[in-house]
Amino acid sequence: VIMNNTIIKMITMTIFTLFLTTGCENDSPTAAPESATISGIITFTGDWPADGTVAVSLSSNWPPQGAPAASLEITSTDLSNGTYTYTFENITFGSYACISVSWQDPTDADPTSNQKTLGAYGGVYPFFTAYGGTDPTAVTVSETDYSKTGLDFSVNLIYAASTTGG
């Protein structure tokens, strides 16, 4: 009888342990995001430049230096009622100093000076606080804050036109 009680207790403990370990598992596991998405609407004013490339970029530095973390070329035919909806997908988690639209001046062969900033998220022309403007707003994405939407801003194409004369 004592042997039977011991066996019953061991079986009961084993079953109880199984319930505890399987009962604590997440029944509906959700995978942690591996990357981020950043999106918004850009409103353009002014005349589209006749030459040169217009692009929206996500950069780690302000002013941008080197290749951006993400970039999308924009053409005038991409606009709908003067607006362009951008989406950067598969973005590495971290902090980014700016989302900006620039125009590549085709008359300037120097890669350190041929990008003219036309607008930036949170920024005000000339996009530098030191020169009377406002620096762009930094954007941070993480595993817990991985989808940034509504990062809208305006772009004035006159800043491209004003530089074509030299």
Side-chain angles (χ1 to χ4, degrees), residues 26 28-166:
N26 188 351
S28 57
T30 54
E34 296 180 10
S35 62
T37 301
I38 298 172
S39 64
I41 297 172
I42 303 167
T43 303
F44 287 85
T45 57
D47 295 327
W48 201 264
D51 296 314
T53 304
V54 175
V56 58
S57 300
L58 177 67
S59 300
S60 298
N61 301 305
W62 181 251
Q65 300 165 1
S71 182
L72 301 166
E73 186 174 327
I74 306 168
T75 65
S76 61
T77 59
D78 294 328
L79 275 66
S80 174
N81 295 319
T83 64
Y84 175 79
T85 301
Y86 71 94
T87 301
F88 295 124
E89 297 178 308
N90 300 317
I91 301 302
T92 303
F93 299 131
S95 291
Y96 297 92
C98 69
I99 302 170
S100 62
V101 171
S102 63
W103 170 69
Q104 185 176 2
D105 183 351
T107 64
D108 184 349
D110 185 351
T112 64
S113 63
N114 67 1
Q115 295 290 329
K116 312 301 183 200
T117 302
L118 307 177
Y121 171 66
V124 176
Y125 185 83
F127 311 109
F128 290 96
T129 304
Y131 298 117
T134 303
D135 291 342
T137 301
V139 177
T140 301
V141 287
S142 65
E143 272 192 31
T144 57
D145 193 11
Y146 57 88
S147 180
K148 298 280 191 174
T149 60
L151 303 185
D152 307 342
F153 61 100
S154 297
V155 168
N156 193 335
L157 294 167
I158 196 168
Y159 303 132
S162 67
T163 60
T164 59

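Only heavy atoms go into these numbers, but all of them, side chains included; no hydrogens, no water, no symmetry mates.
Under the 30°/60° scheme for interplanar angles, the aromatic rings of Y125 and F127 are found to stand perpendicular.
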- Query: What do the steps show when you test S142 against T144 for side-chain hydrogen bond (donor to acceptor under 3.5 Å, both in side chains), and what is the final call?
  - Reply: CA-CA 5 Å; S142 65; T144 57; 3.3 Å; yes
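One side chain, T107 or D105, offers a donor N or O that lies under 3.5 Å from an acceptor on the other. T75 and T77 share a side-chain donor-acceptor pair at under 3.5 Å. With hydrogens and angles left out, the side-chain atoms of S100 and S102 include no donor and acceptor closer than 3.5 Å. Using modelled atom types and a 3.5 Å distance limit, the side chains of S39 and T87 yield no donor-acceptor pair.
Partner of L157 under the side chain to side chain contact (heavy atoms under 4.5 Å, CB included) criterion, out of D47, T45, L118: L118 alone.
Judged by distance alone, the side chain of D135 and the main-chain N or O of T129 form a donor-acceptor pair under 3.5 Å. For the pair S80 (side chain) and T83 (backbone), a donor-acceptor distance under 3.5 Å is absent. In terms of modelled atom types and a separation under 3.5 Å, the side chain of W103 and the main chain of D51 share a donor-acceptor contact.
With contacts defined as side-chain heavy-atom distances shorter than 4.5 Å, the pair Y84/V155 does not qualify. For the pair V141/T37, no side-chain contact is recorded, criterion being any heavy-atom separation below 4.5 Å from C-beta on. When side chains are defined from C-beta on, Y159 does not count as touching T117, because their heavy atoms never get closer than 4.5 Å.
Within 6.0 Å of the OH atom in Y146, the count of heavy atoms belonging to other residues, nucleotides or ligands does not exceed 12.
Expressed to the nearest 0.5 Å, how far CG of L58 lies from NZ of K148 amounts to 12.0 Å.
In terms of the ring pair (Phe, Tyr, Trp, His ring centres under 6.0 Å) criterion, Y121 has no residue partners (sequence neighbours excluded).
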